[in-house]
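To start, the structure under review is shown below, and the notes come after it.
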Amino acid sequence: MTVAYHRRPVLWNIDYDAPAARLVAIVGPNGAGKSTLIKAVLNLIPRASGEVRFFGEPYRQMRQRVAYVPQRTSVDWDFPVTAQDVVVMGLYGRLGWFRPVTRSARRAALESLERVGLADFAHRQISQLSGGQQQRVFLARALVQQADLYLMDEPLAGVDAATERTIVNLLQDLRQRGKTALVVHHDLQTVTEYFDEVLLLNTRVIAAGPVEAIFTVENLKRTYGGKLALLDQVGHQMTLTGRSP
Amino acid sequence: MNWLDYNTRVVLAGTVLLGVSSGVVGTYMLLRKRALVGDVASHAALPGIGLAYLIMEQSHPGTGKWLPGLLLGAALSASAGLLVSHGLRQIRRIKEDAALGITLSLFFGVGVALLTLIQALPTGQSAGLNDFIFGKAASMVASDVVGLAITACVVIVVCAVVHKELALICFDAEYAAAGGWSVGGVDLLLTALVIVVTVLGMQSVGLLLVVALLVLPPTSARFWTDRLGTMVWTSALLGGVASAAGVLLSAGVPKLAAGATIVLMGTAGFAVSVLFGRRRGLYWHWRAESETRQRVGLDDLLRAVYEVIEPKLSSAAADLTAGSVSLPELVSSRRWSTFRVRGLLQLAQSRGLMRRDAQDRFHLTATGRREAQRAVRNHRLWELYLIHYAAVAPTHVDRSADAIEHVLQPEIVDELEELLRDSSRTPAMPQSPHSAREAGGM
């Protein structure tokens, strides 16, 4: 598929098939189109060409099986709702138009908050949560949907260590249950540790596949261009963890 | 209520329902960050009123003042105005506020021009179309109010039915779109509701002021609650009360326009909410802040007093209340202004923590001693904790501890004490890692 803003392509000729039951990191420099890729896939941005299929069907028919975790900064956290209210929104799609929120939906939301370690914060207004806790609320909203594919936009950006741990554990738990997650990720140092597959993106797909085969200094150089200082760091990191760069 | 004449009661009922419905619709409008849409809708309604009058007068002379016809014209014209501003926003260089401003003035200008032309017509003088600009609640009759009441009820019911969808779109439109919800459809519905409320309000409040009924109640309600559901009905209540109070005030004072009094009552409610609202009212915020400041200040003072008195005592077991300090001693022990020390000493005396003797020296009371020991103990535990665990350079300890000790919960202090029992020399009251003079000189 190709996505363009005002005739200038932001994503060009993206051809990617996400493997099932794997954790995929979407990695690339700023402005590479990582968020755009997710939004285009979800029909939030019109595509100039191409098609996207979920489990062989167009998105329209598969909405319930796909869960979206937007960037935390995309909403106003001063909004007068509690953490539980936000998580219940993950079930609105199942409830459908005009149906009021049911008690079982509220209970499911509470269970989902428990999974991300926020059961005690369910009735807090969302601005009274820390950044990491807010991110976990978004994650709980996706989890409550019980989808098979998760699209996450920078869920690990600017979160505390406890939140990062919780989210990574949840991701691994999802994979164990045969779910797939595509995660926009910014921290090159943790890619090998957290993910199975990587999609290197810079306007087009530079390389994609298993982390061991694809996450090489050579490929990263092609993705990031001249930002060598950063790459040296990663190379160093990889030597330390005993993997040949 | 027998002191109210029939007409006032009719006006009261209609206006209260209007206030309630605009309070409800306004909440969603405000949360969708479209507060000014109501203003554009009301201003853009004016040419519609003029045109409707001219058309009706042209086809059936004498029927130009038929209210439903005028209001329909107003609604159509308001919709056209919002469409124009939407269209303008699609042009890249025009931002939303500019688009709204352009539309608002354009439509209002056309409306004023039309009304001046109508004034010049033989029948135009008595048409009273100008009343739509400033509102004239007193001119409402029972039949108008019935229509208004039914429409207001429909608006409220619609909001109740789509509350879930409106809440979702207001909070996170992108997520809603990803979930397959028609964001455009819900927005269109919300805009339609805003137009309906605006047009209903024009007759009583006037088009210039109707936006106040959409914005003031929800903004005030936000200061009382953190829940959307509660906010909706609080806003409805505030809108209704402001309308009722405004109509009654205007009925009591001859020649006072109801539109103005309603808006003034709404503003009064807003002022009270901003100051005293339980959730984030400025008064509560200020009070909590000043309490914290006082508590922190007193802790600092007591610690300073303790550290000045401590070296003067013969043994660690000696009674602290026996020692005394002077104002200059305190001023030189910390880098505080004399003014601040005086203020804190006064506060400590009024709280019964310290007393002043005939020689102008200050003593700790029994309560003061206990408090000073608590503060010093807390402080030194933190200092040790930071030195041992957080790898903070010793020269920075006092400063960071100053800020941090005041957030300590008693349980954490106990835990720290347990943690540090081995490392401290005197478990009950650990020594300060550096002397009082050193600490004060930092």
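Order of the sequence lines sets the chain letters (A, B, ...), proteins ahead of strands, with each chain counted from 1.
Contact check for B:Thr225 versus A:Pro80: no side-chain heavy atoms found under the 4.5 Å cut-off. Considering only heavy atoms from C-beta on, B:Glu174 stays 4.5 Å or farther from A:Val75 through its side chain. Side-chain contact check for A:Leu42 versus B:Tyr175: every heavy-atom pair is 4.5 Å or farther apart.
Within the 4.5 angstrom heavy-atom criterion, atoms from both the backbone and the side chain of A:Arg141 approach chain B. Residue A:Gln64 does not touch chain B at all, counting heavy-atom pairs closer than 4.5 Å. Using a 4.5 Å cut-off between heavy atoms, A:Asp76 contacts chain B through both its backbone and its side chain. Interface residue B:Val186: only side-chain heavy atoms are found under 4.5 Å from chain A. Looking at A:Ile126, the atoms closer than 4.5 Å to chain B (heavy atoms on both sides) all sit in the side chain, from C-beta outward.
Across A:Gln128, A:Arg60, A:Arg63, A:Gln145, the residue that shares the most heavy-atom pairs under 4.5 angstrom with chain B is A:Arg63. Comparing A:Gly96, A:Gly90, A:Ser74, A:Ala67 by how many heavy-atom pairs each has under 4.5 Å with chain B, the most go to A:Gly96. Interface remark: of the candidates B:Val162, B:Val161, B:Val183, B:Val161 forms the most heavy-atom pairs closer than 4.5 Å to chain A. Ranked by heavy-atom pairs under 4.5 Å with chain A, the list B:Arg280, B:Arg279, B:Met231 is led by B:Arg280. Of the listed residues (B:Ala178, B:Gly179, B:Ala177), the one with the most heavy-atom contacts under 4.5 Å to chain A is B:Ala178. By number of non-hydrogen pairs under 4.5 angstrom with chain A, the leading residue of B:Cys170, B:Gly229, B:Ala160, B:Ala173 is B:Cys170.
At a threshold of 4.0 Å, the pair B:Arg227-A:Asp85 counts as salt-bridged, since one of the basic side-chain nitrogens sits closer than that to a carboxylate oxygen.
The backbone N or O of A:Met89 lies less than 3.5 Å from no partner atom in the side chain of B:Lys164, so there is not a single donor-acceptor pair.
Judged by distance alone, the side chains of A:Tyr92 and B:Glu165 never bring a donor and an acceptor atom under 3.5 Å apart.
Between B:Trp181 and A:Trp97, the two ring planes are perpendicular [angle over 60°; tilted spans 30° to 60°].
Heavy atoms from other residues, nucleotides or ligands lying under 6.0 Å from CZ of A:Arg53 number more than 12. Other residues, nucleotides and ligands contribute only 12 or fewer heavy atoms inside 6.0 Å of the CZ atom of A:Arg103. Other residues, nucleotides and ligands contribute at most 12 non-hydrogen atoms within 6.0 Å of the NE2 atom of B:His86.
The CZ atom of A:Phe79 sits 12.0 Å away from atom CG of B:Asp226, with the distance rounded to the nearest 0.5 Å.
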